[in-house]
Each structure stands twice: as C-alpha cells, then as structure tokens.
Amino acid sequence: MVLSQSQCLSLTFHLPPFLNPVPPFKNPSFSSSPNHTFFPSKLKKTLLSPSLDKLLPMKCSNSSNSISLPPDLEFESDPTLTNEDLKPTAPSQRTFSGFEIASLWVGLVVGVPSYYLAGSLVDLGMAWWQGIATVVAANMVLLVPLVLTGHAGTRYGISFPVLVRSSFGIHGAHIPTLLRALIGCGWYGIESWIGGEAIFLLLPRSIKEASFSQPLPWLGTSPLEFACFLIFWVAQLAFVWTGIDGIRKLEKYSAPILVALTSCLLIWSCVKAGGIGHMLSLSSKLSASEFWSIFFPSLTANISFWATVAINIPDFTRYAKSQKDQVIGQIGLPIYMGAFTFVGVAVTSSTKVIFGELISDPIKLLGQIGGLTTRIIAIFGISLAIITTNIAANVVAPANALVNLSPKWFTFSRGALLTALLGIAFQPWRLLQSSESFVYTWLVGYSALMGPIAGIVLADYYIIHKTNLNMNDLYSKSPYGTYWYSGGFNVAAILALVIGVLPVVPGFLQKIGIATSVPNTFVVIYNNAWFISFFSAGFLYLFLSNLRGKPGNSAARDPLLPTAK
C-alpha cells in the first residue's frame, strides 16, 4: 500500500505512549523568535531509530527506510555558534581538486623558513644526506595525522574550530583553537620579518649605512629594518582580503613559478660551485653520539614545522571535492619537503665552496649574488614564496579561531587583521637570531602544544565517535546536546591536554634560560616533545572518556526520554 504525503505526515504524530504527551521544549537561544521551539537531539534520534520502524513499518512514497519528520522537529543552529565562515561547506564550494591541494602544499613548502630549516641542520653540523633524511622521516610521520584529520573536513565540510567542539566541548573548543591561533600569529610575524629583510636588501647602501639603520637595544633591531618589516606586513593584507577562494587561486598559480625559481637557484649554485660533487662534499662535523643527540630534537622540530597545519587541515580539506582528492593532494608532502630540503642543503653547502663560508640564511645569500636584475627576480620569488606560505599556513587558522570565538563580531577578514597585529607582538627578529633558537626553542617548544591537541582530536574522532558526528549538536548549546558535556566544556579533554604538556615544561624552561638545570629525563622529554605529548594526551583522553562513559548515550541526562528500567 502506498500512502499519500499527508498520510505520511500524520503517521509521525502517532508516537509511542511515552512520547505522546511531551510538549516542545522552549529554548530561546536557538532563535531570535520567541515562538521558536526545538526537540532535543536524543528525541530526534529516537524518532529516527530502527526501533520506531518496527512500531511504524509502513513506508512513504518519497522515503525508503525512514519516516518524514515535521518541520518543527528540525532546530536551527545557535546564532552564537555560527556564521557564513563556520557553516559546513555546500557542494558548490567543494572546488579543491587533488592537484589544487597539492599546489597548496607546494606553495606552503617552497618558502624561506623551509629553506632556513634545512640550512640550519647543516649549520648545526649535519651532512647533507643526514639533513634530508631527517626532514623526509619527519614528514612521513606527520603525513598520518594530516590525512586522518583531513578526513573530517572533507566528510562533513567543517572547519577545525567546529571539529574540536566534538572533543573539547562547545565552549572548550576555544582552548585548542586559540592555542593554534597564537602559534599562527608567531609564524605570521616570522614570515613577515623575512619579507621585510628582502625589502631591506634592495635599499641603496647609503640608506643602509644611515644612523637609523643602527640597532636599538630596547627594540632588538634597527628602525630601518623594522620599517621594512611593516611595509611587507601591510602589503600581505591585500591578499588576505580575497578570502579562501582567492587563496586557492594564489596557491594554484604560484606553485609552478616557485618550482621554476627554485630550480634556477639550484642550477646557479651548481655552476658556481663547479658541479654537484663540490656542493655535497661537506661531511658531518658530528660524532655518532653528537649526531643522535641532535637528531631526535631535529626530528621533533621538523614534525613541529607542519604540526600546526596538521591539526587545522580541515580548514582546507572541507573544500576538497572528495576524500580521494584530499589524500592524493597531501600524500606528496614528504617528497616536496625532501626535494626542497635538497635544494636548501645543497645551496647552503655550495656557499662554502663559492664564498668560503656557510650561509644558511637565503636573504643574506641574495645579498652576495648577481646584480640588481638578479636581486629583483630573486626577491620577487622570495616574496611570492613568503606570501603563499604565510597566508595559507598562518592566517586561515587564527582567523577561523577568532570567528569561532565571536561569530557575531569577527569575520574572516577581521580575524586575519588581528592575526597580523599579534604577529608584530611576537618580535620575530628575536626568534631568528640563531639556528638553535629557531629550531630548538621555537619549533620544539610549541610542538608540546600541538602534539596533545592532535592526539585528543584523533582519539575522539576515530575511537570515541568512530567518525560519526552529530552535525546539529556541533552547532547547538542545548544542554541535551552530545557535545555540551559539563557546561560546554569536556573536562577529560582539558585534563589530557594539560597533563600532556606538563612533562615538557621543565625542559622548555631550561631552554629559554629560566631554569638553570633540570634532570636529564626532562631534557629527553623536551627533545621528543611532540611524540610524548601526542601519545600521552591521546591515551589519557581515551582512559578518562571511558570512565565518563560514551558521550550522548546517557538517558538520564535527557528528561524527555523514558527512564531506563
């Protein structure tokens, strides 16, 4: 028997006796309209559950396996939890192909910090092949959380701030997103400072030797260099205002240009050094014990290099056309990093042959090669590399975090502007004073924050929820919502994050000079900060979650459901 649409709808009101007398629950927070009503998600799940099919086995002509719900039973997302930047992406917005995601990664990889990191490994005493092997190994490790976390973005079309509502709670999500935002602000400052150095390089010698080019102790740099930094800082904002689609196009068309310019730099170094044999002839300066003492913190530092993007990768994969596209687009990361590291290490090694000294800073290298035309082309390439990396890696996540903090006030553009302002406060010129401070203080230090967040998010998504998220509850402040936990905070996730970070603190305090000496155990923990914090926080979160019980399944929390006998 086939029923009409009206008959179908009438069936939905013939509910079991225990549900029949329940009136709608008024919740003004879900709508500005005082007459808006909603039914808690658990009631909705009950109405859609297989057990109801047994009570009402008839099928409607427009439905094969479920009954239709009246419009009243669908509730809107809370306006304080969403805006156009936080809503799940529509099919029309899924425009990132595998090639475009790969182009995004090429644009991210080909940059001065990547080059500087590779050169830093040689500067610290590694042989060229040791540096490349360290970088490739680190990125193979990191590829796993990148692809796994990216799955949620593609499947549900949600950004990182929305995804972490599942693990940290509706309000608790601000903790990991703001931590990620702060590190993005620091990186934005670093990249902008490097761009300012490129501008400084083009200035006439007479200006560089003026009195205002002398460093000021309180500032930590010269007024002239600081002014160049601000000029580049402002110039980037024009690209930020184009939004995510503009970023996609920028990365897509910049990738081949960056590859071509990188190849030109490698060819130049080969010609000037008299062949690749001289270029790679520098052997390791380290003994076996010294190498291993540097290898593990270097491995952690290289993982940390993209550990930030590894947790907020849903900000990009939410625009992917399919899971296949997001995987194919990302799987080449170890190859891209390995190839660019080869260029960085090879060119840095060649400077010993060409100039008689190792020059790991590409900006300083540009100051010694070619004439004005060569410098302009090289600085164009550096500026393009900085902008493609900075906007994609260091603006999107902080901007989305701020949008999540206050959707009514923040838009993506406003969040990006505040990100840029905070980048100045990090004083990036101090972070880049030496290879050691860049690699072992900045990179290793923040890995202790990124590791536990990644561990908790993956444990929650794959083990606790088995990749099944309730989209309505991710945008709901209902006390009956799956992700409300305790007042919007998941205490298990917050405890796991804090406990995952604590063992790294003593080693970090020693590294920045606050603690004079700490037991060697804490030094080892600090040198492996990402690994230790990732696994310890992830396992602790699972343990605490099991003690609490599976979220969203407790009937006692929802008075509209029948009491379990």
Side-chain angles (χ1 to χ4, degrees), residues 107-108 110-117 119-120 181-241 250 254 308 359-368 375-399 413 415-435 437-439 441-443 446:
L108 287 169
V110 180
V112 176
S114 302
Y115 180 103
Y116 183 78
L117 180 62
S120 297
L182 284 174
I183 293 166
C185 292
W187 265 117
Y188 187 91
I190 289 174
E191 295 271 12
S192 299
W193 175 257
I194 294 170
E197 283 188 313
I199 294 175
F200 180 81
L201 189 66
L202 279 176
L203 298 176
R205 184 180 297 273
S206 58
I207 296 178
K208 293 179 185 178
E209 294 175 351
S211 58
F212 50 85
S213 65
Q214 300 303 311
L216 297 177
W218 63 270
L219 183 61
T221 186
S222 70
L224 181 59
E225 288 178 295
F226 187 73
C228 293
F229 162 65
L230 289 180
I231 291 171
F232 192 86
W233 179 89
V234 171
Q236 292 178 98
L237 295 180
F239 293 93
V240 172
W241 245 252
L250 174 68
S254 297
T308 50
I359 304 175
S360 61
D361 187 341
I363 303 296
K364 291 180 180 178
L365 176 60
L366 289 177
Q368 299 189 40
R375 287 188 183 183
I376 291 174
I377 294 173
I379 288 170
F380 165 75
I382 281 184
S383 299
L384 185 63
I386 291 170
I387 291 171
T388 54
T389 301
N390 216 14
I391 293 176
N394 307 319
V395 171
V396 174
S413 297
L417 178 59
L418 184 55
T419 297
L421 289 170
L422 291 172
I424 300 174
F426 271 80
Q427 302 183 60
W429 49 91
R430 298 187 189 274
L431 292 174
L432 292 173
Q433 284 178 346
S434 70
S435 298
S437 64
F438 175 66
V439 175
T441 303
W442 170 242
L443 292 178
Y446 77 62

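Position 1 is the first residue of the sequence; numbering continues from there. This one's a predicted model, so the numbers in the text were calculated from it and none came from an experiment. Any value given below was found using the heavy atoms of this structure, including those in side chains, with hydrogens, waters and symmetry copies removed.
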Test side-chain contact (heavy atoms from CB on, under 4.5 Å) on Phe426 and Ile190; report intermediate values, then the result. CA-CA 8 Å; Phe426 271 80; Ile190 289 174; over 6 Å; no
Which value, rounded to the nearest 0.5 Å, describes the distance between Gln214 atom CD and Lys208 atom NZ? 13.5 Å
Under 30°, 30 to 60°, or over 60°: which ring-plane class applies to Phe226 and Trp429, parallel, tilted or perpendicular? perpendicular
Does a side-chain heavy-atom distance below 4.5 Å link Ile424 with Phe229? yes
Ignoring hydrogens, what is the shortest heavy-atom contact between Ile391 and Gln236? Give both atom names and the distance. CD1-O, 4.2 Å
Are the side chains of Tyr115 and Leu365 in contact, using a 4.5 Å heavy-atom criterion? yes
Leu203 side chain near Leu224 side chain, heavy-atom distance below 4.5 Å: yes
Please check: side-chain N/O of Thr388 versus main-chain N/O of Leu384, any donor-acceptor pairing under 3.5 Å? yes
Just how far is it from atom CG of Leu182 to atom OG1 of Thr419, taken to the nearest 0.5 Å? 9.5 Å
I'd like to know if the side chain of Glu191 pairs up with that of Thr389 as donor and acceptor (distance under 3.5 Å, no hydrogens or angles considered). no
When rounded to the nearest 0.5 Å, the distance separating CD1 of Ile382 from CD1 of Ile387 is 12.0 Å
Between Ser192 and Gly189, is there a donor-acceptor pair closer than 3.5 Å when you use the side chain of the first and the backbone of the second? no
Please name the pair of heavy atoms, one in Gly423 and one in Pro428, separated by the smallest distance, quoted to 0.1 Å. O-CD, 3.8 Å
Which residues pass the side chain to side chain contact (heavy atoms under 4.5 Å, CB included) test with Ser413, sequence neighbours left out? Trp241, Thr411
Side chains of Tyr446 and Thr308, heavy atoms from C-beta outward: is any pair under 4.5 Å? yes
Qualifying residues under ring pair (Phe, Tyr, Trp, His ring centres under 6.0 Å), relative to Phe200, sequence neighbours excluded: none
Search all heavy atoms of Ser213 against all heavy atoms of Ser222 and return the closest pair with its distance. O-CB, 3.1 Å
What is the minimum heavy-atom distance between Gly196 and Phe232, and which atoms define it? N-CB, 3.9 Å
Reported CG-to-CH2 distance for the pair Asn394 and Trp187, which is rounded to 0.5 angstrom: 7.5 Å
Do you know which two heavy atoms are closest between Pro398 and Gly184, and how far apart they sit? CG-CA, 3.9 Å
The reported gap from SG in Cys228 to CG in Leu201 (rounded to nearest 0.5 angstrom) is 10.0 Å
Look up atom CD1 in Ile199 and atom CG in Leu230, then write down how far apart they are to the nearest 0.5 Å. 10.0 Å
